[in-house]
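Below you'll find the structure, written out as structure tokens, and then a few comments.
Computation of the quantities below employed the complete heavy-atom set of this structure, encompassing side-chain atoms and omitting hydrogens, waters and symmetry-equivalent molecules. Given the structure is predicted, the values throughout are model-derived calculations rather than measurements.
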Protein chains: 4
Amino acid sequence: MPRAVREQQMLDAAVRTFARRGYRNASMDDIAEQAGVSKPLVYLYLNSKDELFAACIRREAASLVAAIRAAVEHDAPADRRLWSGLHGFFTHTAEHPDGWALLHVQARTHGDPFAREVAAMRAEIVEFVTHLLRTAVREHGCGAARTRRMTGGEAAGLAYALVGAAESLAEWAGGRAGGGPSAEEAAATLMNFAWAGLGNLLRGERWSPGERVGA
Amino acid sequence: MPRAVREQQMLDAAVRTFARRGYRNASMDDIAEQAGVSKPLVYLYLNSKDELFAACIRREAASLVAAIRAAVEHDAPADRRLWSGLHGFFTHTAEHPDGWALLHVQARTHGDPFAREVAAMRAEIVEFVTHLLRTAVREHGCGAARTRRMTGGEAAGLAYALVGAAESLAEWAGGRAGGGPSAEEAAATLMNFAWAGLGNLLRGERWSPGERVGA
Amino acid sequence: MPRAVREQQMLDAAVRTFARRGYRNASMDDIAEQAGVSKPLVYLYLNSKDELFAACIRREAASLVAAIRAAVEHDAPADRRLWSGLHGFFTHTAEHPDGWALLHVQARTHGDPFAREVAAMRAEIVEFVTHLLRTAVREHGCGAARTRRMTGGEAAGLAYALVGAAESLAEWAGGRAGGGPSAEEAAATLMNFAWAGLGNLLRGERWSPGERVGA
Amino acid sequence: MPRAVREQQMLDAAVRTFARRGYRNASMDDIAEQAGVSKPLVYLYLNSKDELFAACIRREAASLVAAIRAAVEHDAPADRRLWSGLHGFFTHTAEHPDGWALLHVQARTHGDPFAREVAAMRAEIVEFVTHLLRTAVREHGCGAARTRRMTGGEAAGLAYALVGAAESLAEWAGGRAGGGPSAEEAAATLMNFAWAGLGNLLRGERWSPGERVGA
DNA sequence: AATGAATGAGTTTTCATTCAT
DNA sequence: CATGAATGAAAACTCATTCAT
């Protein structure tokens, strides 16, 4: 069997095992058995547990980012673009729960080489979302007379909150297979969230502890 | 030295160690040394590594929930109540980074006995937030003529998104010691987010893939 | 059983095993079994295979050097001092063949941390011998009218040759238990060697490729 | 490429690798890579790691012995013959440091099949030297009235000492590339040593612990 | 109440060696 | 002739856990 195929089999097995048992609890024996090969072969192809884990993270991160980028409907209006990206995110995480668990739960837990990789992916997504938000502002905000520009910090904060909310919803959705929201529902919930917040931001209607914007 | 005190010292040491090195990487030797006692004593008081970890999670979870409950200004208007709860959350996580890392990062990583414990705490917070939201609806929504009731699913989705966003912001804030948002800023960011979304929800203005509410 | 005692037992076992099977071939399991303890205990006390090996070398080197120093009859004339040192060397190596094999054969074979240790010991012995030779020159050489001083290079060369010859004889003696020379004979053989060479050196009678000093 | 050539390439690579990394630390992968062939080919030609190592030892031992024999100036007087042999030894070891390290350091370290091979080579050299010494005695000793015959043990002891001293000097010379003695110097140093000792032996002037011959 | 001494079981990693092609 | 693919066996090292005192 050619090397490339075997390697993917190993990565599949490793992603499953790491996601379900955690990095330290997953033994190389387990992974080799799952992959249907002997342990030395895993080492021959992937060098060490660390490198194997890193390879898993890279593959899953790339896969997730690619899925989001592919899902965005580039020619649609801004809100629809944002929605389609979110939808792609929820669809992919729902279809690859192990990969998502690997990125969201396992990779963050373990020291620097791995967490950095995930942080980089997250930053890429956050930046992508920030870009979508800013484009949306430019496109839709023009009509309003009293539109403010959005500062970088505001956009980043909004993007972080959005991504975090998305991750939380994805986890909720994944946890109760079927019982949670569908990808469409989750994306819509977030849009309600984000679109309204974005509008407020642009109109300069900001909630602050002292006064109330009102519901 | 009385037993209760020794036990707290051990838990302190364990929380630090588990948070910083992860469950599997933290050895009982490390913890005993950190606590300044001998290893058999740790076993005498806390039975096993698993039980010790569980005790840490329980203590930190209770501490976080208590902090949030204590922070809520019960006699203030609804928005202020929500804000004060969020503020309490951000303050506590900023002041107890090890405890927060234990709950947010470590506890989820390891199989069922622990993740369940954290899920329970999370559920408690979500329920609490849901309650705050519903109260807010009742209180503030009355004025509006066209107010809808919020369904259970809607409230839960909103709450999950809110909690996830909060966690994401807390992590962002924690990551760049000082550079990120303060507790006040983080809480305000979320309020802008949530309050607007909540308002939309009540007014029946919902974003949906087919049509656009507009910014 | 107290730690110090166990530690010596472990070192005894390790010296035997390393000497007979070589560093890489000696497994920690072997050594632990030889010592009558479990493997983790060996690690608890001696940290790693490398450190264990180093500890063996240090102990045996110190023991050999001490034996030589103790054997030298300090108040005797120079030749007798040299002889007694050699005699101490041959006696000790004959009585501790494993220790001698460890130093002479094993320690040199394996990279820097260990070879350096043995080289240091060897340098100490060479220096000691050089000192004995120089003293002998001063003491006995005076009578001769035409005595030259010995240069540092000459003394070191002689000392190296002497130590090498001694090691070779010790190995010969050790190899054929009983069949080889006794410590006395070996020491005497070397004295015949060294003493004559020393005399020639002092008298300026040097052999060179072109001419012959004659037998 | 013909088999014989390939085989020599493999032996070259193996000698280098074994000499520099030690028998156990040198992997067949390393050697095959060094030789520029695939691992199965090494096995096809040389059967096993042990046989490969043995082949290396045999080749290097034969090469060293041949170099010494070739260096001896058969028609020269006895002292010159001995000197030329020593000179050949030092020259060869200086020019083939890996081969010398293999014989002197590595081969002795590992159990019986290999050490025996080296011991045989050493015995051959010792015997050769013994022969040279005895011939020298016959040739040069005749003039002296009071010449004793040399016993077999005496000759062997002298030879062993001489070979050991030579090895020690070779190691010294090898260690400090350039800084140590040249082949000429090393050989001369030993001649000063040996020739004088030999003369003493023949004249019956023997050093013994009880009395002193004097310097 | 508290600890020094001790270990069984399991982990990652390496390597000599062999087929099928 | 030559090799890519594959593995059984073993070695270094760690750790949760328990006694005897």
Check your understanding: Under 4.0 Å: is that the gap between some side-chain N or O of D/Arg6 and OP1 or OP2 of F/dA2?
Key -> yes

Practice item. Give a yes/no answer on whether the side chain of B/Tyr45 brings an N or O atom under 4.0 Å of OP1 or OP2 in E/dA2. Key: yes

Nearest-Å distance for atom pair [atom1]/[atom2], residues [X] and [N]:
| X | N | atom1 | atom2 | answer |
| --- | --- | --- | --- | --- |
| C/Tyr23 | F/dA11 | OH | C1' | 11 Å |
| B/Arg3 | E/dA2 | CZ | C1' | 13 Å |
| C/Ile31 | F/dA10 | CD1 | P | 18 Å |
| B/Arg21 | F/dC15 | CZ | C1' | 13 Å |
| A/Phe18 | E/dT11 | CZ | C1' | 13 Å |
| B/Glu33 | F/dC15 | CD | C1' | 15 Å |
| C/Leu44 | F/dT17 | CG | P | 18 Å |
| A/Leu41 | F/dG8 | CG | P | 11 Å |

Under 3.5 Å between N/O atoms: give me all the protein pairs with nucleotides 13-15 of chain E, atom names plus distance.
| residue | atom | partner | partner atom | Å |
| --- | --- | --- | --- | --- |
| E/dT13 | OP2 | A/Tyr43 | OH | 2.9 |
| E/dT13 | OP2 | A/Lys49 | N | 3.0 |
| E/dT13 | O4 | A/Lys39 | NZ | 2.7 |

Got a salt bridge between [X] and [Y], using NZ or NE/NH1/NH2 to carboxylate O under 4.0 Å?
| X | Y | value |
| --- | --- | --- |
| B/Arg108 | B/Glu117 | no |
| A/Asp30 | A/Lys39 | no |
| C/Glu167 | C/Arg122 | yes |

Practice item. Using Watson-Crick or G-U wobble geometry with both distances below 3.5 Å, tell me the partner of F/dA20, or none. Key: E/dT3

Exercise for review: Could you check which nucleotide pairs with E/dT13 in any of the strands shown, counting Watson-Crick or G-U wobble with both distances under 3.5 Å?
Suggested key: F/dA10

Check your understanding: Can you list the steps and then say if B/His104 with B/Trp100 is a ring-ring contact (aromatic ring centres under 6.0 Å, His included)?
Key -> CA-CA 6 Å; B/His104 182 48; B/Trp100 172 238; 4.8 Å; yes

Practice item. Check the angle between the aromatic planes of C/His110 and C/Tyr23 and answer parallel, tilted or perpendicular using the 30° and 60° thresholds. Key: tilted

Check your understanding: With distance as the sole criterion, is a donor-acceptor pair present between the side chains of B/His92 and B/Ser63 under 3.5 Å?
Key -> yes

Exercise for review: Identify whether NZ of Lys or CZ of Arg in D/Arg6 sits under 6.0 Å from the centre of the six-membered ring of D/Tyr45 and within 45° of that ring's axis.
Suggested key: no

